[in-house]
J.: 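Please read through the structure below; I'll follow up with questions.
Here is the naming used below: chain letters follow the sequence lines, and residue numbers restart at 1 for every chain.
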There are 2 protein chains.
Amino acid sequence: MLKVYLAGPEVFLPGGRELIERKRALSARYGFTPSPLHADLTPTASASPLARGIEISRLNEERMREADVCIANLTPFRGVSADPGTVYELGYMAAEGKPVFAYTNDPADYSARAATYFAGGLHRDDDGVLRGPDGQMIEDHGMADNLMLEGGILTRDGVFVRAAALLEWDDLSAFERCLADARRALTGRQPLD
Amino acid sequence: MLKVYLAGPEVFLPGGRELIERKRALSARYGFTPSPLHADLTPTASASPLARGIEISRLNEERMREADVCIANLTPFRGVSADPGTVYELGYMAAEGKPVFAYTNDPADYSARAATYFAGGLHRDDDGVLRGPDGQMIEDHGMADNLMLEGGILTRDGVFVRAAALLEWDDLSAFERCLADARRALTGRQPLD
């Protein structure tokens with residue numbers, strides 16, 4: 001059975017532990033073995049906060065190396081883009097040559113979220129380039145986030161599932177579609193057959 | 001000579017091309033061969049925005065595979081965290097087993113920036129965990145951003161340089177310190193000897 005690494009910022013959410021357990025159970029239903037829980041990896045209690053952070057990073061990288069496939073939750077987190085820890089992990093597993101899949105609970109293009117972030121003050125310059133009020137270029141490729149994320153997924157024949165409407169963090173319908181797509185892509189099997 | 005991949009969001013900035021040229025020239029001064037410019041990689045003009053985005057991603061990944069070392073600009077970009085494209089690339093090159101270095105022009109801890117983002121509404125719960133007004137956990141490891149970023153750098157004996165005070169995008173003093181540290185770490189040579 002393929003081992004799946006579930007990258008995402010759920011660990012930060014209230015009730016995150018339960019949400020992660022639901023994602024792990026769903027993964028198993030779709031034929032994947034989920035990586036062990038974050039909380040199973042207890043760093044030394046006596047360590048400093050910095051040393052604990054480094055140790056968690058090291059253990060997460062170990063879990064990634066042991067996994068066969070990545071499913072990343074790229075729902076925007078505290079701003080216009082995905083959680084940076086999740087993005088690091090997506091890039092990490094892509095470089096390992098593993099199939100990478102992702103989903104987001106936000107249906108909007110990156111440029112639409114940037115327009116909200118800049119309170120609508122976007123304009124096109126004389127060359128047709130979309131820019132913010134600070135003159136900075138806004139990516140406008142019809143993608144959900146920075147092109148390295150979606151590009152890294154699509155060049156590896158992965159799938160990036162976008163929810164059809166904005167969903168709460170505990171709504172796992174986009175995640176479940178992503179699991180079904182990953183199962184189909186990797187095993188040739190329909191979901192739950 | 002070691003080839004350095006300069007990851008960063010400069011391409012989005014007004015005057016970004018000139019800034020990237022300054023970074024490339026500085027890299028050469030410190031003994032590194034900088035990756036070719038983004039603009040050298042011209043995707044097919046007739047392609048759709050989505051196809052162009054995928055092509056740029058593919059070409060950037062090619063440049064990373066050809067490079068020996070990564071220096072990432074993790075200065076916060078449009079929010080509380082670093083540019084996600086840069087973070088993807090940091091994770092990518094870490095997984096390739098290459099030395100990774102980073103710098104930020106913002107001296108603040110992640111938790112301090114989160115406090116600004118949430119307009120100060122942070123609190124510690126009964127377990128001592130720092131939380132936002134939405135109840136979400138705020139990382140509090142004394143790091144500049146999510147622990148996967150700084151952890152990935154430090155577990156590989158890289159260096160993460162933080163500016164001593166908030167600097168403009170075109171201030172390259174933190175970048176230059178990072179170059180000097182990378183040169184010392186990788187060649188055993190002092191800067192510019």
J.: Nearest 0.5 angstrom please: A:Trp169 CH2 to B:Gln136 CD, how far?
T.: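 Nearest 0.5 Å value for the CH2-CD distance: 7.0 Å.
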J.: Is there a path of hydrophobic side-chain contacts, each under 4.5 Å between heavy atoms, that joins A:Leu166 and A:Tyr117?
T.: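 Not linked; separate clusters.
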J.: Taking side chain as C-beta onward, heavy atoms only, is B:Thr86 less than 4.5 Å from A:Met148?
T.: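 Not in contact.
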J.: Flag yes if B:Val11 and B:Ile71 sit in one hydrophobic cluster, no otherwise; membership is Ile, Leu, Val, Met, Phe, Trp, Tyr, and two members link when side-chain heavy atoms are under 4.5 Å apart.
T.: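 As far as the 4.5 Å side-chain criterion goes, B:Ile71 and B:Val11 are connected within one cluster.
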J.: What part of B:Ala94 gets closer than 4.5 Å to chain A, counting heavy atoms only: side chain, backbone, both or neither?
T.: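 For B:Ala94, heavy atoms of backbone and side chain both lie under 4.5 Å from chain A.
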J.: Honestly curious: do A:Leu179 and A:Leu167 fall in one hydrophobic cluster under the side-chain, below-4.5 Å linking rule?
T.: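 Not linked; separate clusters.
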J.: For the residue pair B:Val87 and A:Pro84, what are the closest heavy atoms and their distance?
T.: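 Nearest heavy atoms, B:Val87 then A:Pro84: CG1-O, 3.2 Å.
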J.: Show, in sequence, the C-alpha distance, side-chain angles and deciding distance for B:Met143 and A:Ile54, and conclude whether the side-chain contact (heavy atoms from CB on, under 4.5 Å) test is met.
T.: CA-CA 10 Å; B:Met143 292 181 172; A:Ile54 294 170; 3.9 Å; yes
J.: Non-hydrogen atoms of chain A under 4.5 Å away: do they reach the side chain of B:Arg113, the backbone, both or neither?
T.: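 For B:Arg113, there is no contact with chain A at all, as no heavy atom is under 4.5 Å.
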J.: Can you measure from CZ (A:Arg52) to CG (B:Asp140) and round to the nearest 0.5 angstrom?
T.: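 A:Arg52 atom CZ to B:Asp140 atom CG measures 9.5 Å (nearest 0.5 Å).
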J.: Go through A:Gly53, A:Gly151, A:Gly79 and name the one with the most non-hydrogen pairs under 4.5 angstrom from chain B.
T.: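 So the answer, after comparing A:Gly53, A:Gly151, A:Gly79, is A:Gly53.
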J.: Select one option (side chain, backbone, both, neither) describing which atoms of B:Met93 are under 4.5 Å from chain A's heavy atoms.
T.: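 Contact with chain A involves no heavy atom of B:Met93 at all.
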J.: Measure B:Asp134 against the heavy atoms of chain A and call it side chain, backbone, both or neither at under 4.5 Å.
T.: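 Looking at B:Asp134, just its backbone touches chain A.
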J.: If I compare all heavy atoms of A:Glu96 with all of B:Ala95, which pair ends up nearest, and what's the gap?
T.: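 Result for this residue pair: CG-CB, 4.2 Å.
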J.: Under a 4.5 Å cutoff for heavy-atom pairs, which residue among A:Arg65, A:Arg58, A:Glu61 has the most contacts with chain B?
T.: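 Highest number of pairs under 4.5 Å: A:Glu61.
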J.: What's the shortest heavy-atom distance between B:Ile56 and A:His141, and which atoms?
T.: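 Shortest heavy-atom contact: CD1-CE1, 4.3 Å.
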J.: Between B:Glu150, B:Glu139, B:Met64, which residue shows the highest count of heavy-atom pairs closer than 4.5 Å to chain A?
T.: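 Highest number of pairs under 4.5 Å: B:Glu139.
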J.: What are the two closest heavy atoms between A:Arg131 and B:Phe12, and how far apart are they?
T.: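 Heavy atoms only, the tightest pair is NH1-O, 4.4 Å.
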J.: Which region of A:Leu50, side chain (C-beta onward) or backbone (N, CA, C, O), has a non-hydrogen atom less than 4.5 Å from a non-hydrogen atom of chain B, or is it both or neither?
T.: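 When you check distances to chain B, atoms from both the backbone and side chain of A:Leu50 fall under 4.5 Å.
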J.: Ignoring hydrogens, what is the shortest heavy-atom contact between A:Ser57 and B:Gly152? Give both atom names and the distance.
T.: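 Looking at all heavy atoms of both residues, the shortest contact is OG-N, 3.5 Å.
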J.: Out of B:Leu154, B:Thr155, B:Leu149, which one racks up the most heavy-atom pairs below 4.5 Å with chain A?
T.: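 Top count of heavy-atom pairs under 4.5 Å with chain A: B:Leu149.
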J.: Answer with side chain, backbone, both or neither: which region of B:Ile138 has an atom nearer than 4.5 Å to a non-hydrogen atom of chain A?
T.: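 Both parts, heavy atoms under 4.5 Å.
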J.: Report which part of B:Leu90 has an atom under 4.5 Å of a heavy atom belonging to chain A: side chain, backbone, both, or neither.
T.: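 Interface part for B:Leu90: both.
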